[in-house]
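First up is the structure itself, then whatever we jot down about it.
Atoms within each ligand, like the ligands themselves, are counted from 1 in listed order. In this chain, residues are counted from 1 in sequence order. These numbers were taken from a predicted model, which means no experiment stands behind them.
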Amino acid sequence: MKILLATSEAVPFSKTGGLADVCGALPGELAALGHKPAVILPAYRQSWCCGQPIKPLGIDFIVPIGSKTVTGHLLQSTMPGADVPVYLVQQDQYYDRDGLYQADGVDYIDNCERFVFFSRAVLEAIRLLDLDIDVIHANDWQTGLVPAYLKIEYRGIPRYEHIASLMTIHNLAYQGHFWHWDMLLTGLDWKYFNWHQMEFHGRLNLLKTGLVFADSINTVSPRYAQEIQSPELGCGLEGTLQQRRDVLSGILNGMDTAHWNPATDQNLVANYTADTFAEGKAACKAALQEEVGLPRRPDVPLVGVIGRLCQQKGIDLIVEVMKQWTPDRDVQWVVLGTGDAEFHKQFEDLRQRHSRKVAVRLEFSGPLAHRVEAGADMFLMPSRYEPCGLNQMYSLAYGTIPVVRATGGLADTIVDATSQGLAAGTANGFSFNEYSVLALAETLQRACDAYGNKEVWNQLITTGMRQDWSWKQSARQYLALYARTVERMKQAAHT
Ligand code: ADP
């Protein structure tokens, strides 16, 4: 299978979030399974620091953007450690900037134009590079126009007519909507600007465009694929997704098992496996307590929180439970994250009032994230919604018991420690359904009770540590989805 992965970011060339991790890891796994992936993405200022050689191909191209034409250049690199070509689209006026999509927290005003250009460049690159492609795999709103150009403008051109398209939603909350006049930039006929196709409440919506024109749609967990068809989590696109439910599925992201492995992790004071976690985790816990300034107490439960401190992650619930528990419960907390100013303030208040129980680091620190994953006993993730989530998988790998709200990828990875789950040997954490302080507090209490029962606790740890959340599984599922997508496109062409 020959796949062109079109994305606005991929590790190590550029990153703002999980999209970059997926697009950095999946191609290598596809290649390892004997397939031929290639990646195309913009050449940002930060791409030049990726550590991989980037060379110009001497190929220039011109595409129409509204009433003008814009020139771009193609560059080539490779994915580290894999035989996967990476093509970078250079257009310095668009991409040679400090941030990928925004500066000082404000989106660039020409974001629509920047990604109209990129989407057109993806289609042109196929011709210019003489690529033989079975499937274009588009990701998120930035590449939402790719399936539309393929169906509308490139239809009937021999090199393109067998190419199928897959659109992956990494987070439905980000749709790329722009004012209606930006439709002119796309060069597509106004007839497509209707509420069945590219329009969304009077505005141009690039993600919706991709969802409508792609042959298949997927998202990053099976549960999230269901949830986004409901008004609660559909972000206004539930109708579009319901209409396309026959071609909509979910595939869990994998985790980077080389980077997140307690047996080899260089960030830890002690390494451990599912057989040696008792000593290893105890050493990591003591070192973490020391590092963040909490009393070194081996037997008190240590609860970890890492992530963006925002509404999506259920931080409001965590703050409330901490307020209720810190005065008299013997529990330690370590919070690592950045996000909304209000949450920063609330965590700081809690730390000041209960400095022997609460440690707070309002920063982004990869190494500390590893040490929290290893040193904490439990990991809290009561998200409002969670397309996939990685931290709960890291927690499982590190023998740190996840306490989660059963939504999206959290529901697909965490099996609650009910008596049935424990008896079946499938339980690996604690979960609850209702988004409420009470439900989180009750579930955390259940976890603290289980923490006191070493037999149960150790069973939960070993179950989680022995599970396989690697990309290999997910890559196989993507290959099956690519095959279905090609089949679907062929059938549609015959009808
Ligand atoms: P999302 O992509 O929605 O932010 P995920 O759980 O899928 O949530 O992934 C978050 C990733 O970012 C994880 O790798 C996590 O460890 C990392 N991360 C988030 N905040 C921080 C932080 N303050 N310091 C270090 N790593 C962080």
When F117, Y108, Y44 are each screened for ring pair (Phe, Tyr, Trp, His ring centres under 6.0 Å) with Y94, the one that passes is F117
for atom 25 (C) of ligand 1, nearest protein heavy atom and its distance come out as S365 O, 3.2 Å
Is any NZ, NE, NH1 or NH2 atom of the basic residue among R466 and D275 found under 4.0 Å from an Asp or Glu carboxylate oxygen of the other? yes
- prompt: Should the ring pair W471 and Y478 be called parallel, tilted or perpendicular, given that the plane angle runs from 0 to 90° and is split at 30 and 60?
  reply: tilted
At under 4.0 Å between heavy atoms, what of A369 touches ligand 1? The answer is side chain
* Based purely on interatomic distance, does K313 place a nitrogen or oxygen under 3.5 Å from a nitrogen or oxygen of ligand 1? -> yes
Are the side chain of N218 and the backbone N or O of S249 linked by a donor-acceptor pair below 3.5 Å?
no
N/O to N/O below 3.5 Å, does that happen between I306 and ligand 1? no
The protein heavy atom nearest to atom 4 (O) of ligand 1 is R308 NE, 2.8 Å
Quick note on ligand 1: atoms under 4.0 Å from a heavy atom of G307 include exactly 19 (C), 20 (N)
* Quick check: does any side chain N or O of S47 sit under 3.5 Å from a backbone N or O of F13, one acting as donor and the other as acceptor? -> yes
If we number the atoms of ligand 1 from 1 as shown, the ones under 4.0 Å from a heavy atom of Y394 are 13 (C), 14 (O)
Exercise. Answer yes or no: is there an ion pair linking D316 with R384, defined by an N-O contact shorter than 4.0 Å?
Key: yes
Q) Does the protein put a heavy atom under 4.0 Å from atom 12 (O) of ligand 1? A) no
Practice problem: Can you label the angle between the W333 ring and the W325 ring as parallel, tilted or perpendicular, going by 30° and 60°? | Solution: perpendicular
Query raised in the report: Measuring from the heavy atoms of E363, does anything fall under 4.0 Å of ligand 1?
Result: yes
Nearest non-hydrogen protein atom to atom 22 (C) of ligand 1, with distance, is F364 CD1, 3.5 Å
**Asked** Would you say the side-chain atoms of E373 and S395 include a donor-acceptor pair closer than 3.5 Å?
**Response** yes
heavy-atom search around atom 2 (O) of ligand 1 in the protein gives G18 N, 4.1 Å
Closest to atom 16 (O) of ligand 1 among protein heavy atoms sits N391 OD1, 3.1 Å
Q. Does ligand 1 have any atom that is closer than 4.0 Å to a heavy atom of G337?
A. yes
Taking distance alone, with N or O pairs closer than 3.5 Å, would you say W260 contacts ligand 1? no
Atom 6 (O) of ligand 1: closest protein heavy atom, distance to 0.1 Å, is L390 N, 3.0 Å
- Item | Test: E348 and R351 ion pair at under 4.0 Å | yes
query = Non-hydrogen atoms of G17 versus ligand 1: any pair closer than 4.0 Å?
reply = no
Could you tell me whether R45 atom CZ has more than 12 heavy atoms of other residues or ligands within 6.0 Å of it? yes
Counting heavy atoms under 4.0 Å, the part of M381 that contacts ligand 1 is side chain
